[in-house]
Amino acid sequence: MRLTLANLIKDCKISTEDDSSGKASSEKEYVFYAKLLDPSILENATKEEHHEQWGIRVEKNDKNMAAGRLRVRKIITGGSTEHVMTIKVEQKIEQAQGGNAPAQNMKEVGISVSEDIFIMFRQMSDSGMIKTRYTIPFSGMNLEVDRFYLPNNEFSDWVKIDLEAPKPLEQMIELPEAFGEVVYNQAHQQTPEEKELVTRLYENVFLSKHTGVLE
């Protein structure tokens with residue numbers, strides 16, 4: 001049986017996502033995929049941001065030391081706009097005691113950058129994400145719920161949910177009933193059917209492609 005977040009972690013720090021201080025930090029990240037059955041839960045959000053992000057992935061090979069990701073993100077909150085570049089380097093997957101709920105383990109650092117850097121990075125990236133992020137408190141934690149736009153400019157029912165934790169969870173959480181058909185298994189645990197679903201979501205819903213026009 002899955003436990004609620006209240007029984008798992010206390011005094012969890014706020015998400016390190018888009019920390020632009022320039023100081024490296026470690027994150028234990030869980031990513032879930034689900035259908036949003038009851039959008040009214042978003043009314044509880046403490047923060048709502050519009051994100052345009054573009055990324056470049058670096059694979060581990062015999063000429064480097066680690067795999068990782070580089071990303072730029074334009075963040076619009078109300079009338080304020082910020083551009084942040086983040087570098088994430090993959091660390092060894094961590095598991096809670098007993099081998100439960102393994103977490104993606106990343107070392108990351110972010111800095112504020114200019115709009116020109118954002119534009120030039122976007123030109124080199126082959127795909128990105130256009131989304132609205134809602135930060136929702138849940139039993140002492142924060143769920144970061146990303147909604148993605150369909151070609152008709154309406155939101156998809158499918159959402160991506162991020163949870164950062166100070167240490168791997170002893171047992172997997174249970175999301176609120178507002179979310180259904182949840183994929184709880186992390187990437188390295190997913191069944192072939194789950195992997196196929198997640199791949200389709202990225203290809204058909206989550207990822208944005210370039211228009212072909214060079215700025």
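These numbers come from the heavy atoms of this one structure, side chains and all, not from hydrogens, waters or symmetry mates. Not measured: the values here are computed from a predicted model.
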- Query: Is there a side-chain contact (heavy atoms from CB on, under 4.5 Å) between F32 and V183 once you walk through the steps?
  - Reply: CA-CA 6 Å; F32 312 110; V183 177; over 6 Å; no
- What is the ring orientation for Y202 with F206, classed by angle as parallel under 30°, tilted 30 to 60°, or perpendicular over 60°?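 Taking F206 first and then Y202, their aromatic rings stand perpendicular (interplane angle over 60°).
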Evaluate the side-chain proximity of [Y] to [X]: yes if any heavy-atom separation is below 4.5 Å, no if none is.
X: L70; Y: F121; result: yes
X: F118; Y: W54; result: yes
X: Y134; Y: N44; result: no
X: K88; Y: R71; result: yes
X: F155; Y: F148; result: no
X: H83; Y: I117; result: no
X: W158; Y: L197; result: yes
X: L163; Y: F138; result: no

[X] and [Y]: which non-hydrogen atoms are nearest, and at how many Å?
X: T77; Y: E48; value: CG2-O, 4.0 Å
X: A67; Y: K60; value: CB-N, 3.6 Å
X: R147; Y: S156; value: NH2-O, 4.4 Å
X: I130; Y: S208; value: CG1-OG, 3.3 Å

Please check if [X] and [Y] belong to a single hydrophobic cluster, counting links between Ile, Leu, Val, Met, Phe, Trp and Tyr side chain heavy atoms closer than 4.5 Å.
X: I173; Y: Y33; value: no
X: I87; Y: M65; value: no
X: M129; Y: V198; value: yes
X: F179; Y: L42; value: yes

Expected output: side-chain [X] to main-chain [Y] donor-acceptor under 3.5 Å:
X: Y30; Y: Y184; value: no
X: S125; Y: I56; value: no
X: D116; Y: I119; value: no
X: Q186; Y: V31; value: yes
X: N185; Y: K195; value: no

- Task: Report the residue from R122, K74, K131 that forms a side chain to side chain contact (heavy atoms under 4.5 Å, CB included) with Q53.
- Result: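 Considering R122, K74, K131, a side chain to side chain contact (heavy atoms under 4.5 Å, CB included) with Q53 is found only for K131.
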- Message: Run I161 and V182 through side-chain contact (heavy atoms from CB on, under 4.5 Å) and show every step you take.
- Response: CA-CA 10 Å; I161 304 169; V182 182; over 6 Å; no
- Before giving the answer on side-chain contact (heavy atoms from CB on, under 4.5 Å), spell out for N142 and K47 the whole-Å C-alpha distance, their side-chain angles and the decisive distance to 0.1 Å. CA-CA 10 Å; N142 284 324; K47 185 188 298 183; over 6 Å; no
- Message: For a quick check under 3.5 Å, do S40 and D38 share a side-chain donor-acceptor pair by atom type?
- Response: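 Yes, side-chain donor-acceptor contact under 3.5 Å.
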